[in-house]
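Worksheet: the structure to be examined is printed underneath.
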Amino acid sequence: MPTREFDNAQSPQHVDSSDADQGLSRRRALGALLIGPWLPSLALAKEADKLTPSQSPVQLATPWLPTRSPQGFLVSEKFDGVRAVWDGQVLRFRSGRVLSAPPWFIAALPQVALDGELWIGRGQFDLLSGVVRKEVLDDAAWRAVKYLVFDAPGRAAPFAERVSFLQSTLKAAGVNWLMPVHQETVKDNSDVQVRLQETVRQGGEGLVLHRADALWRPGRTDALYKLKPEPDEEGQVVGHQPGKGRLKGQTGALLLQMPSGQRFALGSGLSDALRREPPPIGAWVTYRYRDRTPSGLPRFASFLRVREAE
């Protein structure tokens, strides 16, 4: 597959403190977008459960359309980890709630904003989730956790330059568990599919495609995409439908509300344990689907997991 690594020699120089006043103002404005949502004075911890994916203070990807050209995009593996955002002082979940990590982990992080995934390995999400959400820190378990960084939020530079900045900054940190996510370019959609199939064959979840010239901004963006064999989305539980037949007395399906406001019943993929004790009203769950109906509802949707409270 004709790909090439994106490295410092192939990218422009990043923005520094000698930029013109206009550039500095721009950076301060973008920085405020990043840091503002995490300020304790905003009581984000109290409101975090109410955030919908479209209101998130981090960048979120939308599904990749096979008709779109990958020209001008950088491509990386999509890691099935726990999203972690570092504002230079505090490590947080994507919701803005503080993420408790060992002191040695925090001390090694540079004093610049980072966005990435805490990750142990392919297919190890449940193990990782248990480690990072324990009330009592398990120092030994944290030694297996990597922080894979894919962006420098709020930095007033195109994504390609932010990648270059991350490469040099994280290399200077000299920590083997702190690393930038590898980025490549691809020639066309055939190359994208080859890369996707190879990633999935090796146990990966999918790909991320990020427009190289895009500036950082929070929420859903037309510059950031995800590609999986089957796309997934999140929906909020607004009801429980009773089961029939062998499922009588249990939950037959979850009534989910999509970010668009549309609702549908999700029954496929629920374990017997979840049917006995379903996710409560207000919980967010992730589901996979194949395509959409003309009205936008997911076809052949199947439950994947409950989004843990953050």
Side-chain angles (χ1 to χ4, degrees), residues 27-61 78-120 125 127-139 141-155 162 165-166 169-170 173 175 177-181 208 210 216-221 224 234 236 282-284 286 305-310:
R27 178 164 59 191
R28 290 188 186 112
L30 287 169
L33 286 173
L34 168 69
I35 301 301
W38 277 273
L39 290 176
S41 61
L42 295 183
L44 178 62
K46 182 178 179 181
E47 298 297 321
D49 317 72
K50 302 177 183 178
L51 288 173
T52 68
S54 61
Q55 296 171 323
S56 175
V58 299
Q59 281 199 137
L60 296 173
K78 186 182 189 304
F79 294 97
D80 191 16
V82 171
R83 188 78 172 265
V85 183
W86 170 250
D87 65 9
Q89 297 180 333
V90 182
L91 188 67
R92 302 180 187 271
F93 291 104
R94 82 175 195 183
S95 66
R97 291 194 177 186
V98 175
L99 196 162
S100 297
W104 56 263
F105 192 99
I106 297 298
L109 299 177
Q111 293 183 333
V112 297
L114 305 173
D115 190 2
E117 299 274 336
L118 298 177
W119 192 71
I120 290 180
F125 176 83
L127 173 63
L128 171 74
S129 183
V131 170
V132 303
R133 292 187 169 92
K134 280 186 178 179
E135 292 186 8
V136 178
L137 286 175
D138 185 338
D139 189 86
W142 267 90
R143 299 286 173 177
V145 177
K146 298 177 176 63
Y147 189 17
L148 307 182
V149 182
F150 48 69
D151 210 342
R155 189 170 183 81
R162 302 200 302 273
F165 169 76
L166 288 174
T169 300
L170 301 188
V175 182
W177 49 261
L178 176 63
M179 60 193 73
V181 170
V208 173
H210 199 139
W216 184 91
R217 68 180 180 86
R220 296 289 176 190
T221 168
L224 182 63
E234 291 182 340
Q236 189 171 32
W284 286 85
T286 305
R305 66 170 66 97
V306 177
R307 194 180 90 186
E308 297 289 344
E310 297 178 353

Minimum-distance pair of heavy atoms, taken over all atoms of [X] and [Y]:
| X | Y | result |
| --- | --- | --- |
| A173 | A108 | CB-O, 4.3 Å |
| P102 | D139 | CB-OD1, 3.8 Å |
| S129 | R133 | OG-NH1, 2.6 Å |
| L128 | V82 | CD2-N, 3.5 Å |
| L170 | P180 | CD1-N, 3.4 Å |
| R162 | W216 | NH1-N, 3.3 Å |

State, yes or no, whether a side-chain contact exists between [X] and [Y] at a heavy-atom distance under 4.5 Å.
| X | Y | answer |
| --- | --- | --- |
| Q89 | D87 | yes |
| V208 | F150 | no |
| F125 | R305 | yes |
| V58 | P153 | no |
| L118 | F93 | no |

#### Entry: Pair listing, side-chain hydrogen bond (donor to acceptor under 3.5 Å, both in side chains) test, anchored in residues 109-119, at least two apart
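Qualifying pairs, neighbours excluded: R83-D115.
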Rounded to the nearest 0.5 Å, how far apart are [atom1] of [X] and [atom2] of [Y]?
| X | Y | atom1 | atom2 | value |
| --- | --- | --- | --- | --- |
| L109 | L178 | CG | CG | 6.0 Å |
| K134 | S100 | NZ | OG | 13.5 Å |
| L114 | R155 | CG | CZ | 11.0 Å |

### Task
Using modelled atom types only, decide if a donor and an acceptor are shared between the side chain of R220 and the backbone of A61 within a distance under 3.5 Å.
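Here the side-chain-to-backbone pair exists.
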### Query
Checking T169 side chain against F165 main chain: does a donor-acceptor pair fall under 3.5 Å?
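Answer holds: yes.
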### Message
Could you walk me through whether V145 and I120 satisfy the side chain to side chain contact (heavy atoms under 4.5 Å, CB included) test, starting with their C-alpha distance in whole Å, then the side-chain angles of each, then the deciding distance to 0.1 Å, before giving a yes or no?
### Response
CA-CA 5 Å; V145 177; I120 290 180; 4.1 Å; yes
#### Entry: Test ring-ring contact (aromatic ring centres under 6.0 Å, His included) applied to W104 - qualifying residues, sequence neighbours left out
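Expected list: W177.
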### Results of ring-ring contact (aromatic ring centres under 6.0 Å, His included) for Y147 - residues two or more places apart only
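Once residues adjacent in sequence are excluded, Y147 has no partner under the ring-ring contact (aromatic ring centres under 6.0 Å, His included) criterion.
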### Query
Under the side chain to side chain contact (heavy atoms under 4.5 Å, CB included) criterion, do L99 and V85 qualify, and how do the steps go?
CA-CA 9 Å; L99 196 162; V85 183; over 6 Å; no
### Message
The test is side chain to side chain contact (heavy atoms under 4.5 Å, CB included); show your working for V131 and D138 and say whether it passes.
### Response
CA-CA 7 Å; V131 170; D138 185 338; 5.5 Å; no
### Evaluation steps, side chain to side chain contact (heavy atoms under 4.5 Å, CB included), between V112 and W86
CA-CA 8 Å; V112 297; W86 170 250; 5.7 Å; no
